[in-house]
Structures are given as C-alpha cells and as structure tokens.
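So the structure is just underneath, and the comments pick up after that.
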Amino acid sequence: MNSNEIRQSFLDFFKERGHTILPSASLVPESPNLLFTNAGMNPFVPFFLGKQKCPYDPPRIADSQKCLRAGGKHNDLEEVGYDTYHHTFFEMLGNWSFNDYFKEEAIHWAWELLTQKWGFPKERIYATVYKPAPDEPGEFDEEAFRIWFKIFQKAKLNPLLHIHFGTKKDNFWMMGETGPCGPCSEIHIDLTPDGQSEGKLINKNSPLCIEIWNLVFIQLNANEDGSFSLLPSRHVDTGMGLERVCAIIQGTSSFRQFNRTISDYDTDLFIPLIEKLQDISKVSYTGSIPPTPDYALDPQLKKDVAFRVIVDHVRALAFAIADGILPSNLGRGHVLRRLLRRAIRFGQILGVNPPFLFEMIDSLVKIMGSHYPELIDKQGHIEEVIRSEEELFARTLSHGLALFEEIKQKMIAEKRKEISGKEAFVLYDTYGFPLDLTQLLAKEQGFSVDTQGFERLMAEQRKRSLLSHEEDIVSLTKTSQFVGYEELEAEAEVVVLLSANRAIFDRTPFYAEMGGQVGDRGYVIFDQKKIEVLDTIKSASGAHVHRLAFTDDLKPGSRVYLQVDKKRRQCIAAHHTATHILHWALRKVLGPDTLQRGSYVGPDRLRFDFSHTGPLSAKELAEIERLVNEKIELNDPVTTEEESYEKVKNNPDILQLFGEKYGQRVRIVSVGHYSKELCGGTHVRSTGEIGYFKILGEYGVSAGIRRIEAACGKALEQFLHAQAAEQDKKWQILHSKDPSLPELSKWVDALDLDSLIEIFHKRNEELSSFEKEIKEKEKLKAKKQEENFRREASQQAKAAIAQVEKIGAIPVLFLDCDAKPQSYLPLLWNEISKRIDSVAILTSRSDGKINLFIGVGPSLTEKIEARNLLSQLIASFEGKGGGSKTIAQGGLKDSIEISSLFEKGRRILEQYGGQKGQTEPKATG
C-alpha cells in the first residue's frame with residue numbers, strides 16, 4: 001500500500017465504526033500557548049476540558065492531523081536526519097472518543113486494524129500498560145492489562161511475554177501540571193530480522209523496535225494540590241505516525257522481509273523528494289545511518305544525513321507556509337527561517353548553493369496534494385516564499401561562513417574549544433545565522449558554543465527592539481496606494497521601516513504577490529543610491545511590504561523614487577494574460593466544467609492547474625496551443641474595469657474562482673470578447689504583446705487535477721536556451737559512459753522560435769534514446785559480469801575450502817579477494833555456504849575502500865551472529881556497516897592492513913570458545 005492508501009484505509013476503518021472524519025486542522029493552533037499544532041489532540045482540547053461539547057453524534061472523531069515539532073516542549077529538530085524516524089513535520093493518524101467508548105473498543109479496534117486490515121504479524125506486536133512506581137499518580141491499569149491478556153491469549157501468544165509495564169515516563173499522559181490526564185497503552189512492533197526480541201528493545205531508542213500507536217485513556221484530573229481524582233467523563237485519545245506505518249509496511253514488503261533497516265525515508269512520502277534532490281545535487285543517497293548520535297561521520301554519512309534533513313525541512317516549510325506562516329524573526333516565522341537556513345547549510349554538504357529548496361515543492365505536491373489541496377492551491381506562493389528566503393540568505397551566507405572560518409582559526413590559535421556568546425551573536429545579528437546553525441557548524445569542527453552568553457546578548461537586543469516591534473505591529477495596520485497598473489515608476493514617502501530590511505511606502509508601483517502572481521522586484525532610488533527590492537508581499541491590512549537588500553540611511557518620511565523591473569514585469573504580465581486565454585481554450589476543448597484550481601505566474605513561466613480527469617491527448621494539447629496562439633496573433637485588446645462584487649457575483653459570463661474571497665470592489669479583466677475573469681493581477685494591453693505561446697508539459701498533480709506548464713515570448717526563448725545547455729550537459733555525462741554515442745543535434749541560436757522548439761524536442765528524443773541504449777548495455781554488461789563472477793566464485797570457493805581453519809569448535813575461513821567489487825563477496829559466500837557450514841570473513845578492495853563481508857552458517861548462529869561479529873570487528877578500525885544474524889557487510893579505510901583485520905577477527909572468535917548459546921564474546925584487547 002502507498003501512503004495515500006494507508007491513510008485512507010485508516011479513515012475508512014473508523015468511519016465504518018461511527019466516527020466523523022474531519023480534515024486536518026491548521027498548523028497554527030487555536031491555543032495561544034502552543035507554537036504549532038504538535039499532536040493530533042490539539043484541536044480537541046476544549047472537548048477534553050469540558051469547555052465545549054463534541055458536536056458529533058456519536059461523539060467520536062478520526063483524522064490525519066498535520067503536526068510540526070521544531071520548538072518548545074516537543075522539539076525533534078536535533079534528531080532529524082541522524083535516525084530513520086524523527087521528523088519536524090509528520091502526520092498523526094488518530095481516533096477520539098468523548099465520553100463514548102473507552103478501553104475495550106479502543107484496544108480491540110487497534111488490534112483489528114493492525115493485524116486484520118493491515119496484516120501486521122501478531123507475534124511481532126507488543127503492548128505496554130501503565131504500572132506506576134512509588135509516588136507516581138494513579139494505579140496499575142488492570143483493565144487495559146486484562147484486555148490485552150485476552151487478545152494475546154486468543155492469538156495463541158504468551159501474554160506475559162507480549163505485555164510489558166511502564167512507569168509515568170512512558171505510560172502516563174498529562175496535558176499540563178493540572179487538568180485531564182490518564183494512563184496510556186503503547187503498541188510496539190518488533191522489527192528484528194528473526195522477530196524474537198521478546199520486547200527487550202521496547203523504549204530503548206532502537207530502530208528495531210518502534211512505538212507505532214499510543215492509546216491514551218483520559219480518566220483522571222491532576223488537581224492543584226498534587227492529588228489526582230477521577231473525571232466525571234472519560235475520553236480516548238490515540239495517535240499513530242503515518243510515516244512510521246508506511247515505513248513498516250513498505251519497508252518489509254508487506255511483512256515479507258525483515259532483513260533490512262526500516263526507514264521512514266524509504267517510503268513514497270520521501271523517495272520522490274530524495275530523487276529530486278539527487279537530480280539537483282548530482283549526489284547519490286545511500287541511506288546510511290550513524291550508529292549513535294555522536295558518531296564521527298564519514299563523507300557519505302554526512303551526505304545521507306544532509307539528504308534526510310533537507311527533505312524533512314522542505315515538508316515542514318511547505319505545509320507551514322500553506323497554512324499562512326511566513327519566515328520572519330519572530331515566533332513561528334523564526335522557526336521557519338531557522339529550518340530553511342539549516343536546510344541550506346546541509347545543502348552545502350551536498351555541494352548545492354541556494355536557491356534550490358523551492359525546486360523540490362513540485363515533487364511534494366505530487367506526493368501529498370491529493371489529500372492536502374492547500375498545497376496545490378498555494379504551490380506558487382510556497383515556491384516564491386522559499387526561493388525569496390533562499391536568495392535573501394544566499395547574500396550573506398558566504399560572508400557568514402568566512403567569518404566562521406576566521407573564528408575557527410582564532411580558536412585554534414588560542415587553543416580553545418568554545419565559540420563565545422559574542423561570536424555566535426555576531427553571526428546571528430550580522431549574517432542571520434540562527435544559534436542552532438552555529439552549533440551545527442561548531443559540532444562539525446568538534447567545538448561547543450557558549451549558549452548562555454548568546455542568550456544574554458539576545459535578551460539585551462530584544463529589550464532594545466521592543467519599542468521597534470510595537471511600531472511594526474502598528475505599521476501593519478496601514479495601507480499603501482497601489483499605482484502599478486498605470487505606472488512602473490513613482491515618487492513615494494517611507495511610511496515605516498520594519499525589521500529584516502522591510503519598508504512600507506505611502507504609494508507604490510510594485511505589485512504584491514497575490515492570486516498566483518509573484519511580487520515585483522526593482523529598485524528604491526534614494527540619496528544617489530539604488531537599493532534592490534527583492535520581493536513585494538501584502539500585509540493583512542493591505543499594505544505593500546517591500547523587502548529590500550538593505551535600508552541604510554532610509555528613515556520614515558524619506559522621499560524616494562521607486563522603479564519596477566520593467567522587463568521582468570512585462571514577462572509576468574504576458575504570462576498572466578496567457579493564463580486567461582489558456583483557461584478559455586481549455587474550456588473550449590475540454591468542456592465548460594473545466595475550471596482553474598490554482599496557478600503560478602512568474603517571469604520565467606506559467607503554471608495552470610485545472611479540473612479534469614485523465615491526461616490530455618496530444619491532439620487536445622495541440623488544439624489548445626493552436627487556439628491560444630490564434631488569439632495572440634489577433635492582437636485582441638485587454639481591458640479592465642472595476643465594479644461592486646454584489647453586482648457581478650452571479651454573472652455567468654464572468655469567471656470566478658470557487659472558494660476565492662473577494663472584496664467589496666472587484667476588477668474585471670476582459671480579453672477580446674471571449675474571456676472575462678475577476679482578477680487583480682497585471683496584464684498586457686493587447687494579446688500581441690504576449691508573443692509565441694508554447695506548452696512545455698502536462699501532467700497530473702492529484703485526483704481530478706491536471707497541470708499545464710507553459711512559457712511565451714522572451715521567457716520561452718530564454719527557457720529553450722537554458723534547456724539546451726542542460727541537454728548538452730546531459731549528453732556529456734552519457735558520452736562519458738559510452739564514447740561511441742553519436743553527437744547530439746546541434747543547437748542553432750539564430751533560428752526562429754518554431755525551429756528552436758522543434759530542435760529542442762528532437763534533442764530530447766535523442767537523449768531519451770541514448771539513455772535507453774546505455775541502460776540496455778549496462779544491463780547486459782552487469783548480467784555478463786555477474787555470470788562471470790558466479791563462475792569465478794564457484795571456482796574460488798572450491799579452492800578456499802582447503803584454507804578453512806578451526807577456532808575452538810568453529811570452522812572459519814579468512815579470505816582476501818583483492819580487487820573485486822563489493823557485489824562479488826555475497827556471491828562467493830553463497831558458493832562457500834553450499835559446501836561447508838562455517839564462519840567466513842571475506843574482504844576485497846574497490847572504490848578506494850576495503851569491502852568487508854561476514855557470513856555465518858545457519859547451524860552456528862546460536863553461538864555467533866554475523867552482525868555482532870561485524871560490529872566488534874569494525875569498531876577497532878573506524879568502519880561502518882550492518883546486517884543480520886547470518887550475513888553482514890561493511891566498509892573500512894583502504895589504508896588498513898588486511899592481515900591486521902584477520903588477526904583481530906581471530907582474537908574475537910577465540911573468545912567465543914564455541915560455547916552453545918553464547919552470542920556476546922568477552923572483550924578483546
């Protein structure tokens with residue numbers, strides 16, 4: 001099952017049991033005490049507290065709630081990337097009962113869903129029950145224990161083995177110091193290869209035993225005097241991480257394989273994002289995981305951690321921005337800015353410089369847009385906010401890193417290991433490095449940071465800026481006069497300066513991001529200086545907020561000259577008018593039920609989402625493109641008029657977006673006599689200004705929603721030239737793999753647009769053919785090589801049997817295969833294991849490292865396990881790897897002497913002494 005199927009099956013399961021299915025609440029919680037919605041129960045706190053009555057009959061709910069944990073009490077930020085299952089953003093599947101059903105139903109339904117609907121192996125499931133330590137609240141949860149006892153007994157499993165007890169730390173939930181609380185029953189899944197952990201790994205932070213569902217039984221009240229009393233109403237509150245469920249189901253091939261590491265990042269929720277990041281960075285992701293958080297990372301481990309951090313943070317950023325949170329220096333916005341800048345820093349480990357994060361949003365929308373339509377509706381906005389933030393930070397990143405390098409050299413000279421609070425504050429205040437980013441850089445160098453000194457300086461700055469912040473809040477109630485429909489240059493006065501180099505003017509020609517159209521850029525000219533305008537957005541009050549490169553000597557009351565980037569605006573206007581004509585053409589070809597469902601209008605291209613089932617045919621696309629270009633050639637006038645919304649809202653001749661909120665006055669944009677839409681964007685004066693229109697791609701983004709990407713005029717020409725350069729790079733890569741490839745068709749700049757488009761498509765077809773040809777050759781080569789290796793391995797195994805030696809009662813083979821790839825060693829072990837039941841320690845050299853393989857015959861695994869032997873062996877040589885009881889693989893530095901490695905292996909095996917049942921040897925020197 002993919003993630004959408006898993007989520008839907010959960011919701012359907014509880015819908016069948018009388019639950020009302022609710023959409024996810026916003027990441028912005030109603031509770032003023034919370035930074036973000038961080039648990040599924042947050043939206044229902046008023047029901048738990050008795051302040052509101054659950055409005056549903058019966059009073060039971062289920063949903064999949066968006067959650068973000070990157071600050072405050074629940075903060076998983078530091079763990080992200082270093083393991084397989086922590087995230088800043090995640091989805092929590094949950095079902096709730098408000099004084100309706102209780103433990104019996106909640107536990108039985110959890111068991112039924114997991115084992116009958118999803119097929120979890122019953123023998124791998126463990127439950128925990130609350131058993132308080134002395135002086136802890138409540139009493140032993142005998143009711144939950146008895147329910148679980150009967151369930152495991154009926155499943156012919158030992159209840160005393162599958163039920164474990166937990167104290168307040170793991171099995172008692174409290175909303176706060178006072179208020180509703182109660183015992184929990186957690187459900188854990190054993191992911192060890194043999195499934196025989198007997199629950200010994202529960203709550204041991206092991207990826208081999210993961211908690212997947214927490215059933216909370218709210219039955220007590222924590223009183224102010226420290227006592228606990230029974231509540232008059234009893235509730236059920238459950239939470240299960242969708243990412244973890246997907247990892248278990250998909251990572252075990254629906255419970256058929258348990259011999260590999262189970263990772264949330266190996267699911268369809270993350271794989272497309274990782275693949276996109278691989279395309280951007282040209283770096284491969286291998287999925288390696290540090291064995292401990294403080295493990296010294298080798299280059300590949302650093303890259304794999306970076307991949308996981310970036311794809312996690314991109315999800316958090318996109319969902320938060322879709323819910324209206326914007327990066328800033330305060331509160332929630334500050335957390336977003338930290339996440340974004342942290343992701344950029346990890347991007348540098350992959351050799352990628354900003355902007356690049358915004359390019360990943362499209363992949364995310366394809367994964368999750370069908371369940372979260374706000375991603376589709378806000379995609380252009382999300383991309384523009386992220387790209388804008390990336391560009392802002394990129395301007396100071398290199399300077400900040402240079403300063404950090406100076407600090408590092410100074411510390412080395414002074415022989416100190418701690419970055420001072422002042423140094424960390426300068427990195428933050430001058431270059432926008434959040435404290436955790438400085439800590440990340442410090443950790444990479446083995447340094448620490450004086451966080452107390454930093455916080456002291458921050459407190460002083462906050463005190464100084466309090467008045468300024470109050471002025472910011474006042475200023476955001478102001479408005480600006482927008483003159484940008486008629487003028488692209490204007491004199492203006494600074495009304496107020498905000499934090500982060502933002503300014504509001506009394507009048508402005510700069511269009512603020514809205515309705516899918518990106519904000520204008522340009523310049524503020526003041527005192528013989530040109531200050532770049534990086535972006536323009538709208539405040540809640542309607543003021544145009546201009547984000548500047550710097551503010552320098554600007555003051556409230558300063559007279560300035562504002563100048564919009566005319567070429568950029570012209571491209572945007574052309575694309576915006578083109579979307580109106582495209583909308584008309586789509587309805588003409590596909591029918592009047594085809595309606596806009598989102599858009600992005602930028603200087604480089606347009607993107608248009610519309611309602612339609614199934615892909616468009618080549619014939620339909622060609623007809624749509626023909627109709628648009630036909631209207632462009634007619635040079636029809638584009639006119640605008642303002643009217644009251646009351647007057648036009650029911651006019652069937654004027655297209656209006658479903659769900660869009662319109663003001664009292666609206667702007668009607670008419671193209672010729674065929675297109676009329678309510679629209680506040682900027683447009684060309686006549687369709688001839690658009691230039692040649694070309695569809696670049698058409699694909700689905702979610703159920704019933706299709707997307708067209710297109711470009712026109714100068715933007716189309718620039719797009720084609722940029723793509724031509726990418727095609728040349730791609731051919732160079734392919735040619736390096738196969739020098740016999742013919743030349744790619746030449747790109748000729750002087751040709752007209754029609755010819756350029758034709759040659760662009762021809763080159764794409766050639767590249768596709770070349771790729772297919774190379775893949776076939778590589779496939780044949782790999783097959784032939786494997787056949788040769790199998791023959792060679794069979795011959796080598798026959799000869800190697802004579803080299804088997806006895807260590808105690810254990811037959812052992814040490815064999816170095818010299819310059820063979822890692823893939824050869826499992827083939828060799830397969831041939832050896834056919835001939836003798838033994839322990840084999842095999843090595844080879846490839847790609848600048850030593851490959852290490854350990855095989856243990858099935859009759860010997862009671863005495864020794866391959867993964868244990870590997871773990872002890874590589875610990876002495878700073879290697880890495882993992883495996884199962886019977887096979888394990890790892891990598892070591894090429895400088896290591898094989899003879900030393902084998903000698904260490906002998907000493908370890910000697911400690912086992914061949915005693916039955918001993919799985920851990922005594923320590924060796």
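We use all heavy atoms of the structure for the numbers below, so side chains are in, but hydrogens, waters and symmetry mates are not.
Listed here is the closest heavy atom pair of I310 and F346: CD1-C, 3.8 Å. Annotation for N95 and T238: closest pair OD1-OG1, 2.7 Å, computed over non-hydrogen atoms. Annotation for L11 and I21: closest pair O-CD1, 3.4 Å, computed over non-hydrogen atoms. When all heavy atoms of D264 and Y85 are compared, the pair lying nearest together is OD2-CA, 3.4 Å. Considering every non-hydrogen atom in both A106 and L215, the closest pair reads O-CD1, 4.2 Å. The nearest pair of heavy atoms linking I325 to G333 is CG2-N, 4.1 Å.
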_Before you tell me yes or no, could you show the steps for R308 and V80 under side chain to side chain contact (heavy atoms under 4.5 Å, CB included), namely the whole-Å CA-CA distance, both residues' side-chain angles and the distance that decides it to 0.1 Å?_
CA-CA 7 Å; R308 290 188 288 271; V80 172; 5.8 Å; no
*Step by step, would you call D362 with Q379 a side-chain hydrogen bond (donor to acceptor under 3.5 Å, both in side chains)?*
CA-CA 8 Å; D362 194 54; Q379 180 172 345; 2.8 Å; yes
*Stepwise side chain to side chain contact (heavy atoms under 4.5 Å, CB included) check, V236 with W109*: CA-CA 12 Å; V236 170; W109 285 340; over 6 Å; no
*Go through V365 and R707 one step at a time and tell me if the side chain to side chain contact (heavy atoms under 4.5 Å, CB included) criterion holds.*
CA-CA 11 Å; V365 172; R707 170 173 295 166; 4.2 Å; yes
*Give the C-alpha distance, both sets of side-chain angles, the deciding distance and a yes or no for side chain to side chain contact (heavy atoms under 4.5 Å, CB included) between Y56 and D100.*
CA-CA 11 Å; Y56 306 106; D100 185 15; over 6 Å; no
*For E16 and K117, what are the C-alpha separation, side-chain angles and deciding distance, and is it a salt bridge (Lys or Arg N to Asp or Glu O under 4.0 Å)?*
CA-CA 13 Å; E16 290 165 6; K117 192 174 183 70; 5.0 Å; no
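Every residue two or more places apart in sequence or in another chain that forms a side-chain contact (heavy atoms from CB on, under 4.5 Å) with P272 is listed here: I367. With sequence neighbours excluded, the residues satisfying side-chain hydrogen bond (donor to acceptor under 3.5 Å, both in side chains) with D304 are T286, S288, Q300. Shown here are the salt bridge (charged side-chain N to carboxylate O under 4.0 Å, His left out) partners of E211, two or more places apart in sequence or in another chain: there are none. With sequence neighbours left out, E105 forms a salt bridge (charged side-chain N to carboxylate O under 4.0 Å, His left out) with no residue at all. Residues that satisfy the salt bridge (charged side-chain N to carboxylate O under 4.0 Å, His left out) test with K103, not counting sequence neighbours, are D141, E143. Residues passing the salt bridge (charged side-chain N to carboxylate O under 4.0 Å, His left out) test with K200, sequence neighbours excluded: E198.
A donor-acceptor contact shorter than 3.5 Å is absent between the side chain of Q65 and the backbone of G94. E383 places no side-chain N or O within donor-acceptor distance of the main-chain N or O of I361, the cut-off being under 3.5 Å. With hydrogens and angles ignored, the 3.5 Å screen pairs a side-chain donor or acceptor of T37 with a backbone N or O of S26. Of the possible donor and acceptor atoms, one in the side chain of N171 sits under 3.5 Å from a partner among the backbone N and O of C184. Put simply, the side chain of Q348 never gets that close to the backbone of R345: no donor and acceptor are under 3.5 Å apart. Side chain of R332 to main chain of L35: a donor-acceptor pair is present (N/O by atom type, distance under 3.5 Å, no hydrogens or angles). Between the side chain of H162 and the main chain of I125, a donor-acceptor pair closer than 3.5 Å is present. Side-chain N or O atoms of D323 include one that pairs as donor or acceptor with a backbone N or O of L27 at under 3.5 Å. The backbone N or O of E186 lies less than 3.5 Å from a partner atom in the side chain of T128, making a donor-acceptor pair. Between the side chain of R17 and the main chain of F13, a donor-acceptor pair closer than 3.5 Å is present.
Taking the side chain as every heavy atom from C-beta outward, H381 and L326 approach each other to under 4.5 Å. Under the 4.5 Å side-chain criterion, counting only non-hydrogen atoms from C-beta, Y265 is in contact with Y285. For the pair P180/H235, no side-chain contact is recorded, criterion being any heavy-atom separation below 4.5 Å from C-beta on. The closest side-chain heavy-atom distance from L114 to I212 is below 4.5 Å. For the pair I6/L242, a side-chain contact is recorded, criterion being any heavy-atom separation below 4.5 Å from C-beta on. Residues L201 and D190 form no side-chain contact, since every pair of their non-hydrogen atoms from C-beta on lies 4.5 Å or further apart. Looking at heavy atoms from C-beta onward, H313 lies out of side-chain contact with L340 at the 4.5 angstrom threshold. When side chains are defined from C-beta on, R7 counts as touching M368, because their heavy atoms get closer than 4.5 Å.
Between W148 and W111, the ring planes are perpendicular. Angles over 60° get that label, and only those under 30° would be called parallel. Using a 30° and 60° split on the angle between ring planes, F14 and H19 fall in the perpendicular class, above 60°. By the 30° and 60° cut-offs, the orientation of the rings of F319 relative to F89 is parallel. A tilted orientation is assigned to the rings of W118 and F120, their planes being inclined by 30° to 60°.
The existence of a salt bridge linking R387 and E390 is excluded, since no basic side-chain nitrogen approaches an acidic carboxylate oxygen closer than 4.0 Å.
When only modelled atom types and interatomic distance are considered, E91 and S64 share a side-chain donor-acceptor pair under 3.5 Å. Judged purely by distance below 3.5 Å, without hydrogens or angles, the side chains of H108 and E104 pair a donor atom with an acceptor atom.
No more than 12 heavy atoms of other residues, nucleotides or ligands lie within 6.0 Å of NZ in K169, so this atom counts as exposed by the packing criterion.
One finds the CG atom of L157 at 7.0 Å from the CD atom of E123 (value rounded to the nearest 0.5 Å). Summarising the geometry, atom CG belonging to L68 is positioned 8.5 Å from atom CG belonging to L317; distances are rounded to the nearest 0.5 Å. To the nearest 0.5 Å, atoms CD1 (I218) and CE (M41) are separated by 6.0 Å. How far CD1 of I349 is from NZ of K302: 7.0 Å, rounded to the nearest 0.5 Å. Here the CH2 atom belonging to W96 is positioned 11.5 Å from the SG atom belonging to C54, to the nearest 0.5 angstrom. Here the straight-line distance linking atom CD1 of I189 with atom CG of L208 works out to 12.0 Å at 0.5 Å rounding.
Ring centroids of F165 and F145 are separated by less than 6.0 Å, placing the two rings close together. Less than 6.0 angstrom separates the ring centroid of H87 from the ring centroid of F270.
In this structure, R124 satisfies the cation-pi test against F258, with its NZ or CZ atom closer than 6.0 Å to the six-membered ring centre and inside 45 degrees of the ring normal.
When each of V245, L93, L113 is checked for a side-chain contact (heavy atoms from CB on, under 4.5 Å) with W213, only L113 meets the rule.
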